[in-house]
Amino acid sequence: MIPSKTNTTSCPNHEAGNYTLSTKKTSKKMLLLSVLLLVVIMAFTGSLNYMTFVDNYNKSLVNTYFVAGNELVRKIEYALNYGKSINNFYGMSDTLNELKEVVDEVEQVKVILPAGEVLYNLDGFVQNEHIPEKLLRTAAFKQGAISDNCSYQFYEGKCHIYSKIFGPGSDHVATLEMVLTGDLFMGFNSDYTKELALYLAGVALITLCLLYIIFLRTKFLTGDIKAHRKRVLVTLIVVLGSVQLLYCGINYYLFKNAYEELALQSKSFVENTVANNIEIVYDRGLSLDDVDGLEQYVDNIEAGLSLINSISIAEPGTGDGVAVTDSSNFREVARVSARISSDYLNGLMFRALLDMLTVLIISFFFMVELTLLATNITGGNNAPDRNRKWIEPISKAPQLIRGLTFIVNICVFMSITFVPIMMQKVYRPIPGLPRDVVLGLPISAEMSGGILAIILAGWLIDKKGWRGIFYTGALFLVVGNLLSGLSDSAGPFVISRATAGLGIGFILMTLRSLAVSLPERSSAIAEFSAGSIAGLNCGAVIGGMLADRIGYQAVFFLSAATVVFVFIYVYKLMADLEIEYKVTGEISAWSKFVNFISAKNTLVFLFFIFIPFFIAGAFLDYYFPLFAKEHSLTQSDISRAFLLNGLCIIYLGPVLTKFVTRNLGDRKGMVLSLFIVICALAVFMFFGTIPAAFVTVILLGVAESFGVAMQTSYFLNLRSVRDLEINKAIAYFSVIVNAGRMAGPIIFGITLTLGIRLGVGLITGVMLSLLVVFMLVSGNKPGVENGVNEYHQQNY
């Protein structure tokens, strides 16, 4: 039927009106999206920067008060060495009250046994009293420790500082507890916190006004929806990135002022403490000439307080500082002056700047991933063609998989930087196993659980569907992380990681199978990889930085709680997606498996290239955290090493993969990547230092940036793999990856019993030998068989 003239003239106007209305609705959606992103990103950036500042500030302040407490500890230890008993120490009340006289802010001072029983307080002997259970681990120096001899914890509005008391023979016989009001320390009620919050609110308000102008007062959303997404993404990255840079600059300025004020406070405290102690000497009718060990006393204070560079006791009336007065004649007899360490202050600011930069990089990943996800969910086609509809769910699937993988990997990798360290804390010897092997058991158990899950998932996906398997995996991950946080011994911790590994295996198996089953397979795989790497980096850095501030157990609990978002995401956004089932012939699954493991090219590839490559990855996952912790690196520093590794993969991967594919091909590319791995391990073998370890980590990232892609392509084009169902091929691939990662910690643990450099050298030598053998026995690419270039014909 031909439309009338009236209809032909009215329809365009009607459609144009609908288009204008749709554009306004989309603009409002984009503005709402921008506001939500602004809140999330600013809260994320501000909270991590603030926690870093508070942690460093409070540790420095604790060290200041620890100086006074340590002087009291030395007096107690002196008496113990001359025969007094810690359980029958007459005069302890007077001794403890000396600290109260020196430090007015101290509310209570106690002497407690290592088990937590209180022996004395300011009033004297104490009976049938124990410190609260929540303080036991801190009092035992198992958490909150800032040195071997000092730990602290905030509890019910008070700061509890602990210092070890050693008896004859250097045995830890008791602990000194100082209780100070929490108002002295940086907290939510402090002036700096309020100032930071005001600046954050002001910056957020200005940004909101700017985004309002962009989305609602300009013709920003015009043209095709793909152009919309690019514009929105670029705009949000530029605006939010600029805002974060501005807020980081404000943070830096405020932090510097706070640290300088803290330094002045420490300077005044030390000067008054030393002056009071000298006045006590004069009150007893002595003078400084009669005191032995004065220089050692001053040196001990300087060594215990990094903020102070030097302490000088000068002639009366000279220089600045605090005057020492002889109370018998009210005459100034000396002047105590402390000098602030500018190097230490600069070091604090450098660490703050480093943490800000780390958070800025991670927040960039957040911005990109959340913006892509949000624009994909809210975006639609605004073109004035009534026959065109909103994008179908299947076309959004690659981006949805990317977003889900990003969230999943944050949950999974929050603990990656400290699992071996956690095992070290709960370590118990296992007969017949070297210590280094035992420390690697949690990672090996996690990989073993992943292998079992992959095998089960590969068999069940076609029968039960991917969502049920995915939900089961998420549940296992929650349980595994909760148990990890609750574990206080090696056995339960290993079991908890195996449980988490079972969940990770189920989840990643379903995601990989879903990605390769979509019509736009290449796009889905690329999106999966991008989301995976971004999530890994965010998870590793967030988990590492939080572990320094809230503890390992709390990070495990947080990781478990974050999995809730995974359930919601799948239920709300991915209900219509299914995994393609591919029938590849009448050959039984067992026959296919036999063909797979009996093929010469397959075995040569697996045992000489593929598995050794992932075994070498245990240097980063297992050995590096332990090595770094032994060299006094913080958990934040360890997470930064993982970030460097990830940045190499993200930014070098696309460039190197294209270059290597075009110029070398899969086989030579694999050889090159494994050779880089060998060089990386050799660097550490020759030098064995922290800088060498960082170089090794970076080189491992360079190798992985293109090596995994080459190996994946080579594997999927093997003759024994090409006829497998999609989920079976992915299952085989995933099982072998996990097998290499499972064997890695065990092999490193065994070889490291020979010595660090010798053990790494042995692994390096064996890998070099395997590489040479592979080059000799593998003559052709697997994709060039019978004159057919399968690389371009396979759909994997």
Side-chain angles (χ1 to χ4, degrees), residues 33 37 224-230 232-234 236-237 362 364-380 390-413 461 466-467 470 473 504 507-539 565-566 569-570 572-580 646-647 649-658 661 704-706 708-710 712-713 716 726-727 729-730 733-734 737 794-796:
L33 158 68
L37 284 176
D224 186 72
I225 187 63
K226 292 183 178 179
H228 295 177
R229 287 181 183 146
K230 291 180 180 178
V232 170
L233 179 62
V234 172
L236 288 179
I237 288 176
I362 294 303
F364 175 80
F365 290 142
F366 261 93
M367 277 193 299
V368 172
E369 299 304 323
L370 294 181
T371 303
L372 285 174
L373 174 62
T375 53
N376 182 59
I377 294 172
T378 60
W390 292 86
I391 298 175
E392 296 295 329
I394 194 67
S395 65
K396 296 182 179 181
Q399 289 77 27
L400 290 175
I401 290 175
R402 175 174 181 158
L404 179 58
T405 307
F406 173 70
I407 299 173
V408 164
N409 276 19
I410 289 178
C411 305
V412 168
F413 291 106
I461 280 180
W466 73 272
R467 275 178 297 279
F470 184 92
I504 295 169
I507 291 172
L508 295 184
M509 180 61 190
T510 53
L511 286 177
R512 286 171 179 156
S513 299
L514 187 60
V516 298
S517 69
L518 293 174
E520 298 181 12
R521 182 170 300 160
S522 299
S523 174
I525 293 174
E527 298 288 358
F528 170 83
S529 299
S532 177
I533 295 171
L536 187 156
N537 281 280
C538 287
F565 294 104
V566 173
Y569 188 105
V570 173
K572 289 291 187 181
L573 301 177
M574 303 183 70
D576 298 327
L577 298 180
E578 296 294 343
I579 290 179
E580 174 190 355
L647 290 176
I649 297 172
I650 293 172
Y651 293 109
L652 294 180
V655 177
L656 291 180
T657 299
K658 290 180 182 179
T661 301
E704 188 174 346
S705 68
F706 68 94
V708 173
M710 302 293 100
T712 304
S713 176
L716 292 177
I726 290 174
N727 57 305
I730 297 299
F733 179 86
S734 301
V737 170
Q794 295 300 318
N795 291 323
Y796 294 107

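By convention here, the first residue in the shown sequence is residue 1. Bear in mind the structure is a predicted one, so any value in this text is a computation, not a measurement. The figures here come from the full heavy-atom set of this structure, side chains too, leaving out hydrogens, waters and symmetry mates.
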Do the side chains of [Y] and [X] get nearer than 4.5 Å, heavy atoms only?
| X | Y | answer |
| --- | --- | --- |
| I650 | F365 | yes |
| I649 | E704 | yes |
| R467 | T510 | no |

Which atom of [X] lies closest to which atom of [Y], heavy atoms considered:
| X | Y | result |
| --- | --- | --- |
| E527 | P398 | CB-O, 3.3 Å |
| I533 | G646 | CG2-O, 4.2 Å |
| E369 | A534 | OE2-CB, 3.7 Å |
| S705 | L656 | OG-CD1, 3.5 Å |

Can you measure from [atom1] ([X]) to [atom2] ([Y]) and round to the nearest 0.5 angstrom?
| X | Y | atom1 | atom2 | result |
| --- | --- | --- | --- | --- |
| L404 | F528 | CG | CZ | 9.5 Å |
| N409 | I504 | CG | CD1 | 9.0 Å |
| L511 | W466 | CG | CH2 | 7.0 Å |
| S532 | R402 | OG | CZ | 11.0 Å |
| L652 | L647 | CG | CG | 9.5 Å |

Does T661 use its side chain to pair, donor to acceptor, with the backbone of T657 at less than 3.5 Å?
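Judged by distance alone, yes, a pair lies under 3.5 Å.
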Side-chain donor or acceptor of Y569 paired with backbone N/O of L400 under 3.5 Å:
yes
Quick one, F470 with V566, criterion side chain to side chain contact (heavy atoms under 4.5 Å, CB included). Give me CA distance, side-chain angles, the key distance, then yes/no.
CA-CA 10 Å; F470 184 92; V566 173; 3.3 Å; yes
Parallel, tilted or perpendicular for F406 and F366, by the 30°/60° rule?
perpendicular
